[in-house]
Each structure stands twice: as structure tokens, then as C-alpha cells.
2 protein chains.
Amino acid sequence: MPKKVDHAARREEIVQAALRLCARDGLAGVTIGQVAEEAGVSKGLVQHYFAGKADLLRASAQILRAEIERHVREAVRGARGPADTLRCVLIAIVELGVTAVVPLLAGHAFVSMAVADPEIRALYRAGGDAVHREIAALVAASGAAPNVDAGAEAHALLGLARGLADGVLLGELGVDDAVAIVDHHLRRILPEVATGSDTPSSRRVSE
Amino acid sequence: MPKKVDHAARREEIVQAALRLCARDGLAGVTIGQVAEEAGVSKGLVQHYFAGKADLLRASAQILRAEIERHVREAVRGARGPADTLRCVLIAIVELGVTAVVPLLAGHAFVSMAVADPEIRALYRAGGDAVHREIAALVAASGAAPNVDAGAEAHALLGLARGLADGVLLGELGVDDAVAIVDHHLRRILPEVATGSDTPSSRRVSE
DNA sequence: CTCTTGGCAGTACGATCGTATTGCATTGCT
DNA sequence: AGCAATGCAATACGATCGTACTGCCAAGAG
């Protein structure tokens, strides 16, 4: 057998280049040639690792999901209790607007691509449902007021976080504003939530 | 002078075809040739009315904004008082997920395009700011509780509505669920808001 | 050592895109 | 009626994209 190479790692390298390109030049700027150049490899190599452009895009959408999930999971590390975890998750989503612009921006592009590609659409649905379930579980475990339905509240919080992330992304409001809004809402549905900058989990984002 | 033709109307026809195409096949499916075919005109005519593809896309983004604004303004017709108006606006945004899929979907595509095009980005910023100002004014005029900041609350409501619209668009939740969530939130910040299906402004959406 | 197999680059090719150009029909003005 | 300008279609062309194909280099097995 010839050279041993980490197949998955090479694929990820190329995909990262594609995502970078997507965030910089938009989805239209993502071509096999440009991706190869951005990744510092040859056009042929991209072909070697991906069956075609569609395959590359699918893999990109998948890795993009994983990237965002990694960001969020990293943010909840050190959170104490379900309420704090919930807060960290929401704030992490909001902060994607500045800390993970590339995945977020690429995500928008892929939403518009999910229209034509059932496979990508399915990926989004599955991912979105999973997130919703987790948030709903956190809401339920946080000891929310009895008059709030966990599922509905999860939709609301997730929607709020996503919308705020877009607002931050477009520069309509600052991260701290968005965080304050999230806290404000959490304070309304949860008995008690660690808020403000006194908790170790609310690290300040360098803007 | 030759034939008299409504220049703006022709441009809009072509743009509508482009938006339809964008929502159906994604942004990648929008080509001059495809747009011409969708609009039932010749490729040359598209050139006649638009200086280039970029011009077409800019005009599309602009008309898209107008389209969404039209939807919302139509929804607030008949609303009584600022609180009811606010509710109608938010619900109208949420309902874009089913009543105006084309503009909403195309909107996502344009967000991802705004990355590379400063002109489109400026258009989005201006539009978003205007909406925020209007909503903030409505919040203030609705007699919100004194402990809520109109500006922040407007960001929250707008973010919530946008996020819910995306959720509806992706099929994660139904319109009625989203409307209920909006009502639930409004009930928390406003002294009294006409809610439920007893008000004429909460027309049922055919799903 | 050498042979084989996979990593990788380079080139070639057909399709398609955006744009420039050309030509004709139609309409309003004089 | 005739001229001029515009609406509109059709074609042509260069650039670029995605993909197929070919060939070389390196590394592990026998």
C-alpha cells in the first residue's frame, strides 16, 4: 500500500476552504478551482476526495453543522445546572454572529441551497429538530413556570436566538445587547437564572 | 418615438421571474437565460432592461424588500391601535414562512449574497434599521411596561419573529404555533393585547 | 529491489454562462 | 407617408465551470 493519509482530515481541509470561500465571496464564489486554490491543493485533488461538486457541498453542509455544534458544546462546558446550560447555549448561538461568522454566513447560503437539494434539506430538518429537543429538555429541567410549555418555549427561545444572531451578523445590534435580551427573556420564564457578568460562563466577546 | 411600454413594469416582471427561480432552484439556478425563459421573454430583452446580472440581482433584492413590506403593510390594515398593529406586524412576519415563501427564501439567498456585494448589504442594513425603528415606535406607543426598553424589546420581537419565520419555513413548527408564541410574548410585555382568534386581524392562514 | 497501489497534479473537453452585437419590427412624430 | 428611435429577438463569442482523463511520484508489501 502506498502513502498513508488521513482521508477524513483531507476532506475536512478542503471543506474548510470551501466554507471560507462561501463566507467571503458568497455561494457563487465557490467553484472547484477556487476551492482548490484556497486549500492550496490542485483541482485534481478536490476531485479525488469528492465525487463532484454536489458531494463537496453536501459534505460542507454537514461539517458546517458539526462546526456550529462544536461551538455551542464548547460554550456549555463549565455550565452548572440546566438553567445555566440553557443560557450558555442561547448565548452561544447569538454569539455565532461574531465568533463564527463563517459558519453562520455559510449557513445562510446553504439554507437557500436546501431548496433545491432534498438531502441538504433533510440534514437541516434533522439538525434543527435535535436542537429543539435539547433546548426543550433544558427548559423543562430548568424548573420553568408551570404555565409555559417546554416545546413552545424552546421554539420561542431558539427562534429568538437565531433571529438575534442574524441581527448581530448584520450589525443591527451588538453582542452584548443581544445577550442582555436573552437574559431578559430567560429571567421571565425561569425562576432564577445566573445573569449578568458575575458568572464565569458569560465571558465577554471581543468585538 | 416608438412603442410606449411601462419600463418599470417590465423590469418588475423580469425580477419576479428571477425571484421565483431563486426560490425554486436556489440562487445557483438564477441565470440570465433561465430568467428569460421563466419570464417568457428573450434573453436579449433581459439585457435590454438590465445592465448586467449584478443589476438584475440588485433590483431583485430591492423589489424583494418591497414585496415583504407590502405583505406586512397589508396585514396591518384594519388594525386598531398600536398594540394590535404591533401584533399584526409580527404575525405577518411569521406568516411569511407560508404566505410569502418566495420572498423569504430569496431573502436567505440574498443575505448570503450581501457578503460580497456592499450595495446589497447597505440595502439590507437600511431596511432592517427602518423596520426596527417602526417596531420600537409601536412598542413605545403600545403602553409597554416601564421596565422594558422599546429599542431592546423591538430587537427581541423582531429577532423572535424572524427566527420563527425561518422555523415555519423549514417546517419545524406550524404557523399557529408560531402565532401562539408571538401572542404569548406580547401578553408579557403589553398591558393588554387582543389575542386569539376573536379579533378580525388574526385571519387564519391556509396551510 | 521492484512492483503495485494510491496520492496527487496537469491537461483536455464539452457545456454553459454573461455579454456584445446584429437585425428587424413597431410606433410615434413631423 | 416617411423618418427615427425604441422594443425585442437571435446569434455570436470569450470566459469559466465541472468533469473526465492521463501520467507521475512516493511508499509499503513481497
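Everything numeric here is computed off the predicted structure, so don't read it as measured data. By convention in this document, chain letters (A, B, ...) are assigned in the order of the sequence lines, proteins followed by strands, and residues within each chain are numbered from 1.
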Trainee: Would you name the heavy atoms of A/C88 and A/A79 that are closest together and state the gap between them?
Mentor: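 Scanning both residues, the minimum pair turns out to be SG-CB, 4.0 Å.
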Trainee: Mind checking what makes ring-ring contact (aromatic ring centres under 6.0 Å, His included) contact with A/H185, not counting sequence neighbours?
Mentor: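 By the ring-ring contact (aromatic ring centres under 6.0 Å, His included) rule, A/H185 matches B/H185.
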Trainee: If you check the B/K53 side chain, which of D/dA20, C/dG18, D/dA9 turns out closest?
Mentor: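 That would be C/dG18.
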Trainee: What is the separation between atom CG on B/L56 and atom C1' on C/dT19, rounded to the nearest whole Å?
Mentor: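 Taking CG of B/L56 and C1' of C/dT19, I get 13 Å after rounding.
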Trainee: On DNA chain D, compare the nucleotides closest to B/H7 and B/G44; which residue's is nearer the 5' end?
Mentor: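 Checking each residue's closest nucleotide, the 5'-ward one belongs to B/H7.
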Trainee: Expressed as a whole number of angstroms, how long is the span from B/L45:CG to C/dG23:P?
Mentor: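 In whole Å, C/dG23 P and B/L45 CG are 20 Å from each other.
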Trainee: Check each residue of residues 25-37 of chain A for a non-hydrogen atom within less than 4.0 Å of any atom in DNA chain C, then write out the ones that pass by number, or none.
Mentor: none
Trainee: Regarding B/Y49, tell me which of base, sugar-phosphate or nothing describes its non-hydrogen contacts under 4.0 Å with the strands shown.
Mentor: sugar-phosphate
Trainee: Can a salt bridge be assigned to the pair B/E153 and B/R188 using a cut-off of 4.0 Å between side-chain N and carboxylate O?
Mentor: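 No, no charged N to carboxylate O under 4.0 Å.
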Trainee: Rounding to a whole Å, what distance do you find between B/R10:CZ and D/dT6:P?
Mentor: 17 Å
Trainee: According to side chain to side chain contact (heavy atoms under 4.5 Å, CB included), who are the partners of A/E119, at least two apart in sequence or on a separate chain?
Mentor: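 For A/E119, the residues satisfying side chain to side chain contact (heavy atoms under 4.5 Å, CB included) (neighbours in sequence not counted) are A/R58, A/D117.
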Trainee: Run the salt-bridge test on A/E38 and A/R24 with the 4.0 Å N-O cut-off and return the result as yes or no.
Mentor: yes
Trainee: Answer yes or no: side-chain N or O of B/K43 and base N or O of C/dT19 forming a donor-acceptor pair under 3.5 Å.
Mentor: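 Side chain to base: pair present.
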Trainee: Is a salt bridge present between A/E67 and A/R70, judged by a nitrogen-to-oxygen distance below 4.0 Å?
Mentor: yes
Trainee: Can you tell me how far apart CD1 (A/I181) and CD1 (A/I91) are? Round to the nearest 0.5 Å.
Mentor: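 If we round to the nearest 0.5 Å, A/I181:CD1 and A/I91:CD1 are 12.0 Å apart.
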Trainee: Any side-chain N or O of B/H48 under 4.0 Å from OP1/OP2 of D/dC8?
Mentor: no
Trainee: Roughly, in whole Å, what's the span from CZ in B/F50 to C1' in D/dC8?
Mentor: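 The distance from CZ of B/F50 to C1' of D/dC8 comes to 15 Å, rounded to the nearest Å.
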Trainee: What is the distance, to the nearest angstrom, from the CG atom on A/D55 to the P atom on D/dT19?
Mentor: 10 Å
Trainee: Can you tell me the distance, in whole Å, between the CD atom of A/Q47 and the C1' atom of C/dT11?
Mentor: 11 Å
